[in-house]
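Okay, so here's the structure we're looking at.
Predicted model only: the values in this text are computed from it and were never measured.
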Amino acid sequence: MALLRINQLGKHFGGLHAVSDVSFSLKEGAIKAVIGPNGAGKTTLFNLISGVLSPTSGEVLFHGKAIQGFKPYRIAGLGVARTFQNIKMFAGMTALENVMVGRHVRSGAGFVASMLRTPACRREEVAIRRKSMELLDFLGIADCAEIEATSLAFGQQRAVELARALALEPTLLLLDEPAAGLNIYETAEVGRLITRIRDLGVTVLLVEHDMSLVMEISDEIVVLSFGQKIAEGLPTEIQRNPEVIKVYLGE
């Protein structure tokens with residue numbers, strides 16, 4: 001069953017067609033990669049799915065419901081979480097507090113209850129802290145919980161970002177270049193973490209330039225070039241596709 005379906009999606013900035021007539025679907029429980037050279041429209045595609053941008057044409061269906069044009073907070077509330085190529089930690093906050101921020105989207109306490117620190121609000125805060133610690137432990141960085149997030153090593157910050165996204169309890173996780181800036185060992189660890197996240201029942205769509213990582217963990221791959229889809233299929237099919245070879249290596 002398709003959790004996410006993209007139908008003839010397009011985004012134009014004046015005469016620039018950043019994304020043009022792109023269609024594909026993503027099955028529940030799968031890992032699907034979107035690849036392509038710089039300027040192919042990959043991040044724009046993620047911005048359209050997550051609500052950062054509204055499409056010029058086409059639709060985004062999540063659980064069969066059209067969500068294109070929704071505000072990002074509304075899409076996040078439906079169960080779509082996202083990370084970014086450039087890590088965004090909240091300065092002056094610990095790793096644990098950064099994860100707790102992601103969990104608050106599921107909070108039932110209103111503004112007044114939070115301001116008055118009612119017993120129900122305090123109980124919920126304890127539960128949020130406990131769940132956030134569990135996620136840090138799941139990702140192998142529980143010992144970093146009380147360290148200021150911006151002082152952590154790059155790979156550890158990437159794990160905190162993943163934990164924060166998982167705190168939302170998503171059914172779909174959008175990963176924008178999760179291996180960017182990581183060394184070979186950190187990249188391998190990110191690959192293992194993504195597979196473990198998928199095994200939790202979270203469907204994953206990722207943009208990534210590291211082809212060894214993409215080929216190792218992806219069930220299917222979509223290839224974009226100049227905003228258009230030029231190929232889609234299994235990793236072995238993509239590796240042999242003449243059009244893909246042309247885009248990456250030249251004729």
Side-chain angles (χ1 to χ4, degrees), residues 1-62 64 66-69 75 80 82-86 172-182 187 190-191 194-195 198 203-251:
M1 176 182 177
L3 176 69
L4 178 73
R5 189 176 298 276
I6 307 299
N7 289 333
Q8 297 179 308
L9 198 62
K11 181 62 181 179
H12 305 163
F13 299 96
L16 173 64
H17 291 199
V19 173
S20 183
D21 198 29
V22 171
S23 298
F24 65 87
S25 61
L26 174 58
K27 298 176 183 176
E28 277 190 87
I31 298 175
K32 191 159 195 164
V34 180
I35 66 172
N38 290 331
K42 304 182 298 295
T43 295
T44 300
L45 175 66
F46 264 33
N47 287 339
L48 293 170
I49 296 171
S50 60
V52 175
L53 294 173
S54 294
T56 305
S57 58
E59 59 182 1
V60 179
L61 301 176
F62 182 60
I67 61 170
Q68 70 275 3
I75 293 175
V80 180
R82 179 185 178 178
T83 67
F84 293 83
Q85 178 182 351
N86 298 317
L172 174 61
L173 180 59
L174 308 177
L175 301 178
D176 194 350
E177 297 198 33
L182 303 184
T187 297
V190 164
I194 293 172
T195 301
R198 187 271 312 278
T203 304
V204 177
L205 183 67
L206 75 148
V207 164
E208 185 51 64
H209 282 291
D210 190 306
M211 287 301 100
S212 61
L213 176 63
V214 167
M215 295 300 167
E216 181 179 351
I217 69 172
S218 301
D219 297 306
E220 290 185 317
I221 299 172
V222 173
V223 187
L224 300 183
S225 180
F226 295 107
Q228 296 183 316
K229 186 179 83 171
I230 61 169
E232 182 177 7
L234 301 174
T236 51
E237 295 171 337
I238 296 301
Q239 286 177 312
R240 298 193 302 263
N241 187 292
E243 187 67 18
V244 176
I245 295 171
K246 175 183 173 182
V247 165
Y248 275 102
L249 302 178
E251 293 184 90

Residues Ile67 and Phe62: closest non-hydrogen pair is CD1-CB, 3.8 Å

Check: Phe24 and Leu205 side chains under 4.5 Å, non-hydrogen atoms
yes

Check Val207, Asn86, Val34, Leu206 against Asp176 for a side chain to side chain contact (heavy atoms under 4.5 Å, CB included) and give me the one that passes.
Val207

Contact check, side chains of Ile6 and Ile49, non-hydrogen atoms, under 4.5 Å
yes

If we ignore hydrogens and angles and just use 3.5 Å, is the side chain of Ser20 paired with the main-chain N or O of Gly227 as donor and acceptor?
no

Check whether any side-chain N or O of Glu208 sits under 3.5 Å from a backbone N or O of Asp210 as a donor-acceptor pair, and report yes or no.
yes

When every non-hydrogen atom of Gly191 is compared with those of Ile217, the smallest separation belongs to O-CG2, 4.0 Å

Within 45° of the ring axis of Phe13 and under 6.0 Å from its six-membered ring centre, is that where the NZ or CZ of Lys11 lies?
yes

Salt-bridge test for Arg240 and Glu237: reply yes if a basic N is under 4.0 Å from a carboxylate O, no otherwise.
no

Do Leu174 and Val80 touch side chain to side chain, with heavy atoms closer than 4.5 Å?
yes

Within a reach of under 6.0 Å around CZ of Arg5, are more than 12 heavy atoms found that belong to other residues, nucleotides or ligands?
no

Steps toward side-chain contact (heavy atoms from CB on, under 4.5 Å) verdict (Val223, Val247)
CA-CA 10 Å; Val223 187; Val247 165; 5.5 Å; no

Which heavy-atom pair separates Thr203 from Ala30 by the least distance, and what is that distance?
CG2-O, 3.4 Å

Candidate pair Arg198 and Asp219, rule salt bridge (Lys or Arg N to Asp or Glu O under 4.0 Å), full reasoning:
CA-CA 11 Å; Arg198 187 271 312 278; Asp219 297 306; 3.6 Å; yes

Whether the side chain of Ser225 engages the backbone of Ala40 through a donor-acceptor N/O pair (distance < 3.5 Å, no angle test) should be reported.
no

Which atom pair, heavy atoms only, marks the closest approach of Arg82 to Leu173?
N-CD1, 4.5 Å

Show the nearest heavy-atom pair for residues Ile221 and Pro235, with the distance to one decimal.
CD1-CA, 3.8 Å

Can you tell if the side chain of Asn38 reaches within under 4.5 Å of the side chain of His209, non-hydrogen atoms only?
yes

Residues forming a side chain to side chain donor-acceptor pair (under 3.5 Å) with Glu59, sequence neighbours excluded:
Asn7

Can you tell me how far apart CD1 (Ile35) and CG (Leu224) are? Round to the nearest 0.5 Å.
9.0 Å

dist His17:NE2 -> Thr44:OG1 (nearest 0.5 Å) comes out at 13.0 Å

Examine distances only and state if a side-chain atom of Thr56 and a backbone atom of His12 form a donor-acceptor pair shorter than 3.5 Å.
yes

Heavy-atom pair with the smallest gap, counting every atom of Val22 and Lys229
CG2-N, 4.1 Å

Would you say Ser25 and Leu4 make side-chain contact, with heavy atoms under 4.5 Å?
no

In terms of side-chain geometry, is the basic nitrogen of Glu232 or Lys32 positioned less than 4.0 Å from the acidic oxygen of its partner?
yes

Could you grab the distance from atom CD1 of Ile31 to atom CD of Glu220, nearest 0.5 Å is fine?
12.0 Å

What I'd like to find out is whether the side chain of Asn241 reaches to under 4.5 Å of the side chain of Ile245, using heavy atoms alone.
no

For a 4.5 angstrom cut-off between non-hydrogen side-chain atoms, does Leu9 reach Val60?
yes

Decide side-chain contact (heavy atoms from CB on, under 4.5 Å) for Val190 and Ile194; before the verdict, give the C-alpha distance in whole Å, the side-chain angles of both, and the deciding distance to 0.1 Å.
CA-CA 6 Å; Val190 164; Ile194 293 172; 3.8 Å; yes

Below 4.5 Å, heavy atoms only, C-beta onward: do Leu48 and Gln68 meet side chain to side chain?
no

The reported gap from CZ in Phe84 to CG in Asn47 (rounded to nearest 0.5 angstrom) is 7.5 Å

